[in-house]
A.B. asks: 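Take a look at the following structure, please.
Just so you know, ligand 1 is whichever comes first in the structure, and atom 1 is the first atom listed for that ligand.
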Amino acid sequence: MTDAQQPIRVGVLGARGRMGLEVCKAVDAAADLELVAMVDQGDRLFNASEASAQVLVDFTTPDVVMDNLRWAVDQGIHTVVGTTGFTEQRLEQVRGWLADKPGVGVLIAPNFGLGAVLMMQFAARAARYFESAEIIEQHHPRKLDAPSGTATHTAKLIAAARAEAGLGAMPDATKEEAPGARGADIDGVRVHAVRAAGLVAHQEVLFGTTGETLTIRHDSLDRASFMPGVLLGIRSIVSRPGLTIGLDPLLD
Ligand SMILES: NC(=O)C1=CN([C@@H]2O[C@H](COP(=O)(O)OP(=O)(O)OC[C@H]3O[C@@H](n4cnc5c(N)ncnc54)[C@H](O)[C@@H]3O)[C@@H](O)[C@H]2O)C=CC1
Ligand SMILES: O=C(O)C1=N[C@H](C(=O)O)C[C@H](O)C1
């Protein structure tokens, strides 16, 4: 434990949501963490400050997360963010806020599943060796956004690796007969989003070149899969000022 064996005081934003409920359970069960605030839509955000939260965990929605984060940084509260919707422009805004609060840490991770982090790393490593790469993400039908934050991040990693290796555009002679048939184009990488009852969170990255394909697949079968990563984030962010993107730097 930090601070002479005092538990880290944690507040959860989006506490009544699918992820928020799971985070509350995981924090409650950890001896070195104390759940001091549970905030959902309609609750006062200030509750978290009154409860002296040292770290906030945000699993809300892309349209409210920036306001929450701005407030937390202003209050000097470290924040672990799993909510999606972080464009490069949004990340730049967060960097700007943190510049005025040098002691405060923010971790923004598109996926807290350790297997998903490895899947993205493996995909980035494979990208330079294949002519073609496409992403198929599959989620539960109550997910609000598409493509997923994980798929967008993976596409950007693949695009960067391809550019670094000097690869050009992927071979594709297809004319779409129906809009969207070839998926979304994220930095030149096609991303297909499936929504079906029974699914949690899944992703395949399909690579192809002459005579062979490689498929890298990850499945989150239960939201418990995200919790080791979230807890690692909470424990790390108290001594990690500035903006950290993704779990990768915490795993090295
Ligand atoms: N980074 C990761 O590993 C993961 C990220 N996610 C992302 O986390 C987000 C939440 O996902 P779910 O829990 O499935 O959604 P959900 O819809 O079940 O939960 C969102 C919760 O946020 C609450 N909320 C809305 N506005 C709020 C506000 N202003 N203040 C406090 N609470 C507010 C809602 O009432 C709801 O209870 C999504 O963006 C999703 O993509 C989900 C799973 C894993
Ligand atoms: O909404 C979800 O469920 C998930 N969202 C994240 C994303 O958009 O990548 C992470 C994971 O895929 C589950």
A.B. asks: Taking only heavy atoms of S148 into account, list the atoms of ligand 2 that are under 4.0 Å away from them.
C.D. replies: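 The atoms of ligand 2 under 4.0 Å from a heavy atom of S148 are 7 (C), 8 (O), 9 (O).
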A.B. asks: Which ligand 2 atoms are under 4.0 Å away from a heavy-atom of T84?
C.D. replies: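 Those atoms are 6 (C), 7 (C), 8 (O).
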A.B. asks: Under a 4.0 Å heavy-atom cut-off, which residues neighbour ligand 1?
C.D. replies: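 Ligand 1 is contacted, at a heavy-atom distance under 4.0 Å, by G14, R16, G17, R18, M19, V39, D40, Q41, F59, T60, V64, G82, T83, T84, A109, P110, N111, F112, K143, F226.
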A.B. asks: Check whether any N or O atom of D145, backbone or side chain, sits under 3.5 Å from an N or O atom of ligand 2, and answer yes or no.
C.D. replies: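 By distance alone, the answer is no.
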A.B. asks: Among protein heavy atoms, which lies nearest atom 9 (O) of ligand 2, and at what distance?
C.D. replies: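 That would be T150 OG1, 2.5 Å.
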A.B. asks: Of all heavy-atom pairs between V65 and R90, which one has the smallest distance, and what is that distance?
C.D. replies: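 Of all heavy-atom pairs spanning V65 and R90, the closest is CG1-NH1, 3.7 Å.
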A.B. asks: Does the pair K175/E177 count as a salt bridge with the N-to-O cut at 4.0 Å?
C.D. replies: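 Salt bridge flag = yes for E177 with K175.
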A.B. asks: Could you name the option among P110, A193, G85, A146 that has the heavy atom nearest to atom 10 (C) of ligand 2?
C.D. replies: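 Nearest option to atom 10 (C) of ligand 2, by heavy atoms: P110.
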A.B. asks: Please state which protein non-hydrogen atom is closest to atom 1 (O) of ligand 2 and give its distance, to 0.1 Å?
C.D. replies: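 Answer, as residue, atom name and distance: K143 NZ, 2.9 Å.
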A.B. asks: Sorted by first residue and then second, give each side chain to side chain donor-acceptor pair (under 3.5 Å) pair with at least one member in residues 115-129; sequence neighbours left out.
C.D. replies: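 Listed once each, the pairs are Q121-D248.
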A.B. asks: Is the closest side-chain heavy-atom distance between V10 and V23 below 4.5 Å?
C.D. replies: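 Contact flag for V10/V23 side chains = no.
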A.B. asks: My understanding is that only one of I158, T152, T154 makes a side chain to side chain contact (heavy atoms under 4.5 Å, CB included) with K156; could you say which?
C.D. replies: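 Going through I158, T152, T154 one by one, the side chain to side chain contact (heavy atoms under 4.5 Å, CB included) with K156 is satisfied by T152 alone.
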A.B. asks: Using the side chain to side chain contact (heavy atoms under 4.5 Å, CB included) definition, which of the options I108, V57, L13 pairs with V81?
C.D. replies: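 One option only clears the test, and that one is I108.
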A.B. asks: Are E137 and T150 close enough that a side-chain donor and a side-chain acceptor fall under 3.5 Å?
C.D. replies: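 Side chains of E137 and T150: no pair found under 3.5 Å.
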A.B. asks: Contact between H192 and R182 at the side-chain level, heavy atoms closer than 4.5 Å - yes or no?
C.D. replies: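 Yes; the side chains approach each other to less than 4.5 Å.
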A.B. asks: Show the atoms of ligand 2 that are less than 4.0 angstrom away from any heavy atom in N111.
C.D. replies: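 Ligand 2 atoms under the 4.0 Å threshold to N111: 10 (C), 11 (C), 12 (O).
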A.B. asks: Heavy-atom contacts with H140 under 4.0 Å: which atoms of ligand 2 show up? List them by number with element.
C.D. replies: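 Once the distances to H140 are compared, the set is 1 (O), 2 (C), 3 (O).
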A.B. asks: Hey, could you give me the CD1/CE distance between I234 and M227, rounded to the nearest 0.5 Å?
C.D. replies: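 Output value for this atom pair is 9.0 Å.
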A.B. asks: Side chains of H78 and L107: closer than 4.5 Å at any heavy-atom pair?
C.D. replies: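 Side-chain contact under 4.5 Å: no.
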A.B. asks: Would you mind reporting whether Q138 and R217 have side-chain heavy atoms less than 4.5 Å apart?
C.D. replies: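 Touching, per the 4.5 Å side-chain cut-off.
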A.B. asks: Would you mind checking which non-hydrogen protein atom is closest to atom 7 (C) of ligand 2, with the distance to 0.1 Å?
C.D. replies: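 The closest one turns out to be G149 N, 3.4 Å.
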A.B. asks: NE2 of H153 to CG of N111: how many Å apart, nearest 0.5 Å?
C.D. replies: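 Going from the NE2 atom of H153 to the CG atom of N111 covers 10.0 Å.
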A.B. asks: Does ligand 2 have an atom that lies less than 4.0 angstrom from a heavy atom of Q203?
C.D. replies: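 Per 4.0 Å heavy-atom rule, Q203 does not contact ligand 2.
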A.B. asks: Among all protein heavy atoms in this structure, tell me which lies nearest to atom 12 (O) of ligand 2, with the distance rounded to 0.1 Å.
C.D. replies: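 Looking only at protein heavy atoms, the one closest to atom 12 (O) of ligand 2 is H139 NE2, 2.6 Å.
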A.B. asks: Would you check whether A201 has a nitrogen or oxygen atom less than 3.5 angstrom from a nitrogen or oxygen atom of ligand 2?
C.D. replies: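 For ligand 2, there is no N or O atom that lies under 3.5 Å from one belonging to A201.
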